[in-house]
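Take a look at the structure below.
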Amino acid sequence: MTEPTEQATTYTVLFVDDEPNILRAIKRALFTMDITLLLADSGAKALELMSNNEVHVVISDMKMPQMSGAELLEQVAINYPDTFRVVLTGYADIESTIKAVNQGKIHRYLQKPWDNQELISVVEEGLERVKLKAENTRLQKLTRLQNKKLRDVNASLEQVVQKRTRQIKAALNKIEKHNIAMEQVLFNVISINPNINGKFAIEVSELASKLARIARLEKDEIKQVRYAGLICELGLLGLETEDFKAPFSKLKYQQQQNYLSQTKQAALILAPAHELHQVSDIIEFQFEHYNGSGLYNKVAKEIPAGARILAIARDYWRLVTGRMSGVEMSPRDAKLEMKKHRNTRYDGEFLDLLLEAEDVTTSKLLSTSLKASQLKAGMVLAQNLYNDSHILILPEGHVFSDATIQKLVHFEEERGKAFSIQIEPEELSATISE
């Protein structure tokens, strides 16, 4: 029995934008790549091209007449699920961006104006993913055809399998990193809204994760609590500004009910992201009371531990910042106020962690703070790095390269002052970067 022969494959990339000058710029940017480049000036034209050509990567502008990028990518996801999908947009159109993420199931996000090298990297990433899936299919077919020979070639095949497994694991790790990046983009979508305070979310996230660590939750649970705190106000994107702009006690009864409904809005937004269902549960049940008198009247054992911790961290900062009553409280007074609701509104065991740890709101990391010019390739970021507008620049755990260091140096020059970049200890950085 002969083995199937490999044939050279020409990969096709489709770019969609209603502006001719953008299409010309893309043609110049991707000129050196060994691909077939198709250009479309509308969603309808793009779908026509895809019906007549096998398209491996599609990049669509968000804002187009007749059919938006979100609508186009939604149809591509349904009819061509193996096609790598990329949306190109600015941060201004938050609603359409969320729609594209949810309905179009996009794999990557590019911001206008794009960097040509970044664009090429995204295309290469998409093609690599397509090649990996095709290679995986080819190997499965080959394994079936050679099943009768398996005993004779077992030793050599085992080596091949191990090699392929390493390759697949490496590819999955790469995909996981991109998933994390998309999660961080979701926080930026929230933080860019002028009516939602990104700094508040950062403080809630940091406090919630510290309480979770002191409570000795599992590593994955701590990560979930940390991220839930970061996007705890995701549901506000679906509310009118007057329902959450004023302190909670100043809102009218219906406005308070609307404010509390943000948890349902957040659960709806996160529904397509099945891998985030635990984070979604933490956010959805954050307004449950320990004694069962909360939004859904759930008893303590039905409320995720992460949600009980998030409620404490959230309300602590709501009291300190005046978002609860309109009057800012000192940390001491905020704790005293929360103590009144021990084992009624808040889980007493978790609340005690806040009440007993005087420095719980202070960042105490076993890390080194450096400027961008002091960084070296291979160092590991110990704490999320934000700009002055509380937009996430780099996520915790990022391994610095020469390219990212140069970008930070450029950011510092534009900013006019240095960042305080928290770096993991040298021995830990070496372990993570291996």
Which atom of Ala334 lies closest to which atom of Val320, heavy atoms considered: CB-CG2, 3.8 Å
Beyond-backbone contact of Lys131 with Tyr11, side-chain heavy atoms, under 4.5 angstrom: yes
Who are the side chain to side chain donor-acceptor pair (under 3.5 Å) partners of Gln262, not counting sequence neighbours? none
Verify, without hydrogens or angle tests, whether Glu337 (side chain) and Leu319 (backbone) share a donor-acceptor contact under 3.5 angstrom. no
Rounded to the nearest 0.5 Å, the CD atom of Gln374 sits from the CD1 atom of Ile423 at a distance of 10.0 Å
If we only count heavy atoms from C-beta on, is the Asp243 to Leu251 side-chain gap below 4.5 Å? no
Would you mind telling me which of Ile106, Leu38, Leu14 makes a side-chain contact (heavy atoms from CB on, under 4.5 Å) with Val58? Leu14
Kindly write out the residues that satisfy ring pair (Phe, Tyr, Trp, His ring centres under 6.0 Å) with Phe419, not counting sequence neighbours, or none if the list is empty. none
More than 12 heavy atoms of other groups within 6.0 Å of Glu218 CD: no
If you define the side chain from C-beta out and look only at heavy atoms, does anything of Ile421 sit under 4.5 Å from Met379? no
Could you walk me through whether Arg129 and Glu125 satisfy the salt bridge (Lys or Arg N to Asp or Glu O under 4.0 Å) test, starting with their C-alpha distance in whole Å, then the side-chain angles of each, then the deciding distance to 0.1 Å, before giving a yes or no? CA-CA 6 Å; Arg129 176 176 174 142; Glu125 173 195 331; over 6 Å; no
Find out whether the Lys NZ or Arg CZ of Arg314 is both under 6.0 angstrom from the six-membered ring centre of Phe287 and within 45° of the ring's axis. yes
Could you check whether Glu135 pairs with Arg138 (Lys NZ or Arg NE/NH1/NH2 to Asp/Glu carboxylate O, under 4.0 Å)? yes
Lys/Arg N to Asp/Glu carboxylate O, Lys407 vs Asp115, below 4.0 Å: no
Just wondering, more than 12 heavy atoms not from Glu54 lying within 6.0 Å of its CD? no
Partner of Ser209 by side-chain hydrogen bond (donor to acceptor under 3.5 Å, both in side chains), out of Gln224, Arg226, Lys223: Arg226
Could you check if a side-chain atom of Met329 sits within less than 4.5 angstrom of a side-chain atom of Met324, using non-hydrogen atoms only? no
Rounded distance [0.5 Å steps], CG in Leu260 versus CD in Gln286: 9.5 Å
Determine, stepwise, if the pair Trp317 / Asp315 fulfils side-chain hydrogen bond (donor to acceptor under 3.5 Å, both in side chains). CA-CA 5 Å; Trp317 281 112; Asp315 283 356; over 6 Å; no
Going by the angle between their ring planes, with limits at 30° and 60°, are His341 and Tyr346 parallel, tilted or perpendicular? perpendicular
Rounded to the nearest 0.5 Å, the CG atom of Leu234 sits from the OG1 atom of Thr263 at a distance of 11.0 Å
Nearest 0.5 Å please: distance from the CD atom of Glu413 over to the CG atom of Leu408. 11.5 Å
Taken in chain and number order and not counting sequence neighbours, the residues that satisfy side chain to side chain donor-acceptor pair (under 3.5 Å) with Arg342 are Asp352
Identify each donor-acceptor pair in which a side-chain atom of residues 19-33 lies under 3.5 Å from a protein atom, sequence neighbours left out, and give them as a table.
none

Ile196 vs Leu237, side chain to side chain contact (heavy atoms under 4.5 Å, CB included): CA-CA, chis, key distance, verdict: CA-CA 9 Å; Ile196 302 177; Leu237 294 174; 3.8 Å; yes
Distance check, rounded to the nearest 0.5 Å: Ser68 atom OG versus Asp18 atom CG? 11.5 Å
For residues Ile309 and Ala212, report the shortest heavy-atom separation together with the two atoms involved. CD1-CA, 3.9 Å
Could you report the tightest heavy-atom contact between Gly348 and Asn343, atom names first, then the distance? N-OD1, 2.8 Å
Taking only residues two or more places apart in sequence, or in another chain, which ones meet Glu349 in a side chain to side chain donor-acceptor pair (under 3.5 Å)? none
Test side-chain contact (heavy atoms from CB on, under 4.5 Å) applied to Val16 and Leu88, Leu47, Leu72, the passing residue: Leu72
Give a yes or no on whether the backbone of Ile202 and the side-chain of Ser205 come within a donor-acceptor separation of less than 3.5 Å. no
Side chain to side chain contact (heavy atoms under 4.5 Å, CB included) between His277 and His274, worked out: CA-CA 5 Å; His277 74 276; His274 300 296; 5.7 Å; no
Is the shortest side-chain heavy-atom distance between Thr89 and Lys63 below 4.5 Å? no
Between the main-chain N or O of Ala44 and the side-chain N or O of Gln66, is there a donor-acceptor pair closer than 3.5 Å? no
Compare every heavy atom of Gly229 with every heavy atom of Leu310, then report the nearest pair and how far apart it is. CD1-CA, 3.7 Å
One pair to check against side chain to side chain contact (heavy atoms under 4.5 Å, CB included): Leu236 and Leu239. What are the steps and the verdict? CA-CA 5 Å; Leu236 295 184; Leu239 303 183; 3.7 Å; yes
Mind listing the closest non-hydrogen atom pair of Pro247 and Ser325 along with its distance? CB-C, 3.9 Å
Closest non-hydrogen atoms of Gly43 and Met67, given as atom of the first, atom of the second and distance, are CA-SD, 3.8 Å
Taking atom NZ of Lys264 as the centre, does the number of heavy atoms from other residues, nucleotides or ligands within less than 6.0 Å exceed 12? no
Donor-acceptor pair between His410 and Gln406 side chains, under 3.5 angstrom: no
Looking at Arg308 and Ile303, would you say the former's side chain and the latter's main chain have a donor-acceptor pair under 3.5 Å? yes
Do Leu354 and Leu207 touch side chain to side chain, with heavy atoms closer than 4.5 Å? yes
Residues 227-241 vs salt bridge (Lys or Arg N to Asp or Glu O under 4.0 Å), sequence neighbours excluded, gives Glu233-Arg323
Could you tell me whether the side chain of Asp41 reaches within less than 4.5 Å of the side chain of Leu39, counting heavy atoms only? no
Are Asn195 and Phe244 close enough, and set up right, to give a side chain to side chain contact (heavy atoms under 4.5 Å, CB included), and what steps lead you there? CA-CA 9 Å; Asn195 296 313; Phe244 62 86; 4.1 Å; yes
Side chain to side chain, Ile59 and Val123, heavy atoms closer than 4.5 Å: yes
